[in-house]
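What's counted below: heavy atoms across the whole structure, side chains too, no hydrogens, waters or symmetry copies.
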Amino acid sequence: MRALSRVWVRLGEAVFDRGDDEEWSLERSRTTETRWSRSGERVDCFRFDDGYVTTVHYEDREVTWQLTPGQVPLASALAMAKLYLEHELTPQTDPEGRPFVGLTERGPVQVFEEIPSEPVEYVYLDGVRTLEEFPEFLTVDDDFRAVFDRMAPARSSTSR
């Protein structure tokens, strides 16, 4: 099913190509924050206290929407950013406050019915700790890996 969903996503990207003015570009990437932007909106991922938060901002309405349900690990925050950047979806939150997205044969979707009209697998995004744990419907290219490496907290390397 996942292989088919990847094919569906790539087909959608090819068929519904929006042109250069609608492409996301990496505006800046620092150790504490990263910003992607395109005409009229931006996605920010930034360090906040002991975790990371991801938001989307719509410039025409001056509205900012938080994609993460609070502070989450870096890989989870970046997974939620990538979900929005690639699929224009915001994660939903279950009753326990965990972010998830539905996955169908055609790719990731939001599920608004108790009994969906098609088979759905629920993919939780708060347990993602590394880029290797990203769901298959999210692309991890070299540029994205560089963002993760730049933002990842320094690891202590004390020797005894």
Distance in Å, [X] [atom1] paired with [Y] [atom2], rounded so as to fall on 0.5 Å steps:
X	Y	atom1	atom2	answer
R28	R30	CZ	CZ	4.5 Å
D149	S29	CG	OG	10.0 Å
L85	F144	CG	CZ	7.5 Å
R129	L74	CZ	CG	11.0 Å
T55	Y84	OG1	OH	11.0 Å
E86	F137	CD	CZ	9.5 Å

Taking all heavy atoms of [X] and all of [Y], pick out the closest pair and write down the distance.
X	Y	value
A81	L67	CA-CD1, 4.4 Å
C45	L78	SG-CD2, 3.8 Å
T68	A77	CG2-CA, 4.0 Å
P108	L83	CB-CD1, 4.3 Å
L138	H87	CD2-CD2, 3.9 Å
P73	Y52	C-CD1, 4.1 Å

Quick one: does NZ or CZ of K82 land under 6.0 Å from the six-membered ring centre of F134, within 45 degrees of the ring axis?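 Geometry flag: not set, cation outside 6.0 Å or 45°.
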Quick one: does [X]'s side chain have a donor or acceptor within less than 3.5 Å of a partner on [Y]'s backbone?
X	Y	value
S39	E22	no
H57	E62	no
S76	D126	yes

More than 12 foreign heavy atoms under 6.0 Å from CG of D141: is that the case here? yes
Would you indicate whether the side-chain heavy atoms of [Y] and [X] approach each other to under 4.5 Å?
X	Y	result
M80	P69	yes
R98	Y122	no
F46	V53	yes

By ring-ring contact (aromatic ring centres under 6.0 Å, His included), F48 pairs with (sequence neighbours left out) none
Pick one: which of L125, T54, V123, V101 meets side chain to side chain contact (heavy atoms under 4.5 Å, CB included) with P91? L125
Using salt bridge (Lys or Arg N to Asp or Glu O under 4.0 Å) as the criterion, list what pairs up with [X], not counting sequence neighbours.
X	answer
E96	none
R47	none
E132	R145

Set of side-chain hydrogen bond (donor to acceptor under 3.5 Å, both in side chains) partners for T90, sequence neighbours left out: Q110
Over 60° means perpendicular and under 30° means parallel, so tell me whether F100 and Y124 are parallel, tilted or perpendicular. tilted
Pairs where residues 111-120 contributes a residue and the test salt bridge (Lys or Arg N to Asp or Glu O under 4.0 Å) is met, not counting sequence neighbours: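 Sorted result for residues 111-120: R106-E118.
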